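Treat the numbers as computed from the prediction; the structure is a model and nothing was measured. Numbers for residues simply follow the sequence, beginning at 1.
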Amino acid sequence: MNRPPWLPRVVVAAPFVGGAVAVVLSLAGGQPDRHPPRMADPPSAYAQPVLTRPLARSTNLLSASMPTRLDIAAIGVHSPLLQLGVNPDGTVQVPPLAKDSRAGWYRYSPTPGQLGPAVILGHVDSAKYGPGVFYRLHDLRPGDIVDVTRADSSRARFRVARVAEYPKARFPTDEVYGNVDHAALRLITCGGDFDRSSGNYLDNVVVFADLV
């Protein structure tokens, strides 16, 4: 059983604790009247993927180069990319909440265009700043184009294959983060209903895209 080197132990960060703000991933598409009163996501742990056979290496690959910018014309996203790591508790770091919300690349995933799933995360909205960078992520459709500019001045172009929504309690970690036999991209945000009693969105929206 092989564990991909980019697979995190958990995918979201801890909620507000004791009045101190812990940066969290409030992800997915909502309507303007669904802005939460505060940003918080519960910690979640996901199963280790099981690989049953070796994966063939695609010939349509790019060499490693850090991503610097994300452009998705279909939903008006034009964002510099931050680099995100892992918090001490094993949760994935997320972009800071700010007026000009930015997306972030999970730096333990492949760089976009390499073999495997490159992972980019972003906020949907906040009570203070309104819509985030991935506010309209749920509006993407199969065939839409996602462009990632890289540090070597090359561009990795991906075509959306599907958009899925999952309950956070049943997040399919190996499907999203696990090994694949081609260069892929995952865009992750929150979705579904907003639970005002807990201050959390209940689902995650995941966009699956493949290198063109």
Colleague: Distance from Ile75 atom CD1 to Leu187 atom CG, nearest 0.5 Å?
Modeller: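 Answer rounded to 0.5 Å: 8.0 Å.
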Colleague: Flag the pair Val176 / Pro117 as yes when at least one side-chain heavy-atom distance between them is below 4.5 Å, and no otherwise.
Modeller: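 Result no, sub-4.5 Å side-chain heavy-atom pair not found.
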Colleague: Looking only at non-hydrogen atoms, find the nearest pair between Ser197 and Asp195 and report the distance.
Modeller: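 Taking every non-hydrogen atom into account, OG-OD1, 2.5 Å.
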Colleague: In Å, rounded to the nearest 0.5 Å, how long is the span from CD of Gln83 to OH of Tyr108?
Modeller: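 Gln83 CD to Tyr108 OH: 10.0 Å, rounded to 0.5 Å.
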Colleague: Walk me through whether Ser126 and Lys99 qualify under side-chain contact (heavy atoms from CB on, under 4.5 Å).
Modeller: CA-CA 9 Å; Ser126 74; Lys99 181 177 180 180; over 6 Å; no
Colleague: Please find the pair of heavy atoms, one from Leu140 and one from Val160, that lie closest to each other, and give the distance.
Modeller: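 Leu140 and Val160 have their closest heavy atoms at CD1-CG2, 4.4 Å.
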Colleague: Run Asp147 and Leu70 through side-chain contact (heavy atoms from CB on, under 4.5 Å) and show every step you take.
Modeller: CA-CA 6 Å; Asp147 286 318; Leu70 175 70; over 6 Å; no
Colleague: Has Thr68 got a side-chain atom pairing as donor or acceptor with Thr149's backbone, closer than 3.5 angstrom?
Modeller: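 Confirmed, Thr68 side chain pairs with Thr149 backbone.
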Colleague: Would you check if there is a donor-acceptor pair between the side chains of Asp210 and His182 at a distance under 3.5 Å?
Modeller: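 The answer is yes; a qualifying pair exists.
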Colleague: Considering all heavy atoms of both residues, which atom of Leu84 and which atom of Val94 are nearest to each other, and what is their separation?
Modeller: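 Looking at all heavy atoms of both residues, the shortest contact is CD2-C, 3.6 Å.
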Colleague: My understanding is that only residues two or more places apart in sequence, or in another chain, count here; which of them pass side chain to side chain contact (heavy atoms under 4.5 Å, CB included) with Pro167?
Modeller: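 In terms of side chain to side chain contact (heavy atoms under 4.5 Å, CB included), with neighbours along the sequence ignored, Pro167 is linked to Arg170, Asp203.
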Colleague: First locate atom CG of Asn60, then atom CG of Leu115, and finally report the distance between them rounded to the nearest 0.5 Å.
Modeller: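 Separation between the atoms: 11.0 Å.
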Colleague: Should the pair Asp100-Arg102 be classified as a salt bridge under the 4.0 Å nitrogen-to-oxygen rule?
Modeller: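 Not counted as a salt bridge, because no side-chain N and carboxylate O are separated by less than 4.0 Å.
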Colleague: Using side-chain heavy atoms (C-beta onward) and a distance below 4.5 Å, is Phe134 in contact with Val207?
Modeller: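 No - every pair of side-chain heavy atoms lies 4.5 Å or more apart.
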Colleague: When rounded to the nearest 0.5 angstrom, what is the spacing between OG in Ser101 and CG in Asp125?
Modeller: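 So the OG of Ser101 and the CG of Asp125 are separated by 9.5 Å.
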Colleague: Heavy atoms only: give me the nearest Thr111-Ala118 pair and the separation to one decimal.
Modeller: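 Nearest pair, atom of Thr111 first, then Ala118: C-CB, 4.2 Å.
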Colleague: Where is the tightest heavy-atom contact between Ala164 and Phe208, given as atom of each residue plus distance?
Modeller: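 Where Ala164 meets Phe208 most closely, the heavy atoms are CB-CE1, 4.1 Å.
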Colleague: Kindly compute the distance separating CZ (Arg162) from CZ (Arg141), expressed to the nearest 0.5 Å.
Modeller: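 Here the rounded value is 14.5 Å.
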Colleague: In the structure I gave you, are the side-chain heavy atoms of Arg69 and Val148 within less than 4.5 Å of one another anywhere?
Modeller: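 Counting from C-beta outward, Arg69 and Val148 never come under 4.5 Å.
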Colleague: Are Leu82 and Pro96 close enough that some pair of their side-chain heavy atoms sits under 4.5 Å apart?
Modeller: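 Leu82 vs Pro96: side chains touch.
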Colleague: What verdict does the side-chain contact (heavy atoms from CB on, under 4.5 Å) test give for Arg157 and Ile145, after you've listed the backbone C-alpha separation in whole Å, the side-chain angles of each residue and the deciding distance to 0.1 Å?
Modeller: CA-CA 7 Å; Arg157 170 162 285 188; Ile145 296 298; 3.4 Å; yes
Colleague: With side-chain contact (heavy atoms from CB on, under 4.5 Å) as the test, would you mind laying out the steps for Leu81 and Ile120 before giving the verdict?
Modeller: CA-CA 9 Å; Leu81 284 173; Ile120 294 176; 4.0 Å; yes
Colleague: Taking the side chain as every heavy atom from C-beta outward, state whether Val119 and Ile188 have any atom pair closer than 4.5 Å.
Modeller: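 Yes, side chains in contact.
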Colleague: At what distance, to the nearest 0.5 angstrom, does NE2 of His123 lie from CG of Leu97?
Modeller: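 It is 4.0 Å, given to the nearest 0.5 Å.
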Colleague: Should Tyr201 and Lys168 count as side-chain neighbours, where that means a heavy-atom distance under 4.5 Å?
Modeller: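 Side chain of Tyr201 against side chain of Lys168, heavy atoms only: contact under 4.5 Å found.
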Colleague: Is Arg186 close to Tyr106 at the side-chain level, that is, under 4.5 Å between some pair of heavy atoms?
Modeller: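 A side-chain contact under 4.5 Å is absent here.
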Colleague: If only atom types and distance count, is the side chain of Thr189 paired as donor or acceptor with the main-chain N or O of Gly122 below 3.5 Å?
Modeller: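 Yes.
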Colleague: Report yes if the side chains of Pro67 and Arg155 come closer than 4.5 Å at any heavy-atom pair, otherwise no.
Modeller: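 With C-beta onward as the side chain, the pair stays apart.
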Colleague: Would you call Asp139 and Arg136 a salt bridge, using N to O less than 4.0 angstrom?
Modeller: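 Counted as a salt bridge, because a side-chain N and a carboxylate O are separated by less than 4.0 Å.
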Colleague: Return yes if some donor-acceptor pair links the side-chain N/O of Trp105 with the main-chain N/O of Pro110 below 3.5 Å, else return no.
Modeller: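 Yes; at least one donor-acceptor contact below 3.5 Å.
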Colleague: Looking at Asp71 and His78, what are the two nearest heavy atoms and their distance?
Modeller: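 Minimum heavy-atom separation between Asp71 and His78: OD1-ND1, 2.7 Å.
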